[in-house]
Amino acid sequence: MLISEVGPRDGLQNCAATMPLDIKKKWIAAEAAAGVTEIEVGSFVSRKLLPQMADTGDVVEFAKTIPGLTVAVLVPNMRGAEAAVAAGAHKVTLPLSVSETHSLKNIRRTHDQVIDEARAIAEYFSGLPADERPHFEGSLSTAFGCTLEGPIELSTILRLAERLLEAGCDEIGVSDTTGYGDPASIRTMIREVRGVVGDDKLQGVHLHNTRGLGLANALAAFEEGITTFDSSLGGLGGCPTAPGASGNIVTEDLVFMFESMGVATGIDLEKLLKCREIVAAGVPDEELYGFLPRAGLPLGFVGAG
Ligand code: ZN
């Protein structure tokens, strides 16, 4: 079971304040020390658009010094992919919003243009020496519905999954960017996308907890054989369109669910809970979410080990 911490990227890019670089480093080091083996540490986007991510190059450079940690980043385009390679990221994710309206509004690109970009990036990566070549994921965002378009036709989503793979992505991810998914739609989506790209090409999901179904959805995905789960410490970032709701699944609660079930995550919950203090100090105005952090571990709790 791989828990991929996305707080330093998905969490922080939704915060009004910018977390200082030294606190980002402390956070990443502390989570890695707690046993988290993959962290999405930032995104290579325009500084003007997301000043919170302006130091991603430095963050990657630091994170790469931590033994055993897979350093992941998000990129919107080729320029971002080049920056990711220059910094030495191990894993690069390119999001493709399955809602074309959302894609046009967010990055001013049609589906065809994003697929072309994916192909160009894959070609660029394949020309690199093996030890500099990042793992390349194409992520289907707004897969369970878009705030502008509502539900997206399944056939559209499946075709895009197929095209991302054809363009040269190593792996396809499914993202419930808007928190519209439910356990049944999560199951259906995983089966359908796997039917098109193959089981081994869909290993990870990115789920949000906007409407409180995050853990139920994660469990449904787990039962479908998904092995990588994105989550954010303290559910950091919230959701601008749903006040009071966390954005991503809360890492602490997700790890607690799996460990309670006897599914090993390799993460030490006591150490993980301590990381919250660092995040709280780095973005003091942000609310941190989570049930486990409030209630504490049950008496006599033993994890999966
Ligand atoms: Zn997200």
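For ligands, and for the atoms within them, numbers begin at 1 and follow the listed sequence. What's counted below: heavy atoms across the whole structure, side chains too, no hydrogens, waters or symmetry copies.
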* Run through the protein N/O/S atoms less than 2.8 Å from the Zn ion (ligand 1) and write them out by chain and number. => D10 OD2, H206 NE2, H208 NE2
* **Test side chain to side chain donor-acceptor pair (under 3.5 Å) applied to S141 and S175, step by step** => CA-CA 5 Å; S141 58; S175 295; 5.9 Å; no
* Candidate pair T228 and Q203, rule side chain to side chain donor-acceptor pair (under 3.5 Å), full reasoning -> CA-CA 6 Å; T228 302; Q203 297 287 340; 5.9 Å; no
* **Side chains of R9 and V41 in contact at under 4.5 Å (non-hydrogen atoms)** => no
* To do: Tell me whether the centres of the aromatic rings in F301 and F256 are closer together than 6.0 Å.
  => yes
* Would you sort out whether D10 and H206 count as a side chain to side chain donor-acceptor pair (under 3.5 Å), showing the intermediate values? => CA-CA 10 Å; D10 208 354; H206 177 99; 2.9 Å; yes
* Asked: Under 3.5 Å, is there a donor-acceptor pair between the side chain of R187 and the main chain of E224?
  -> no
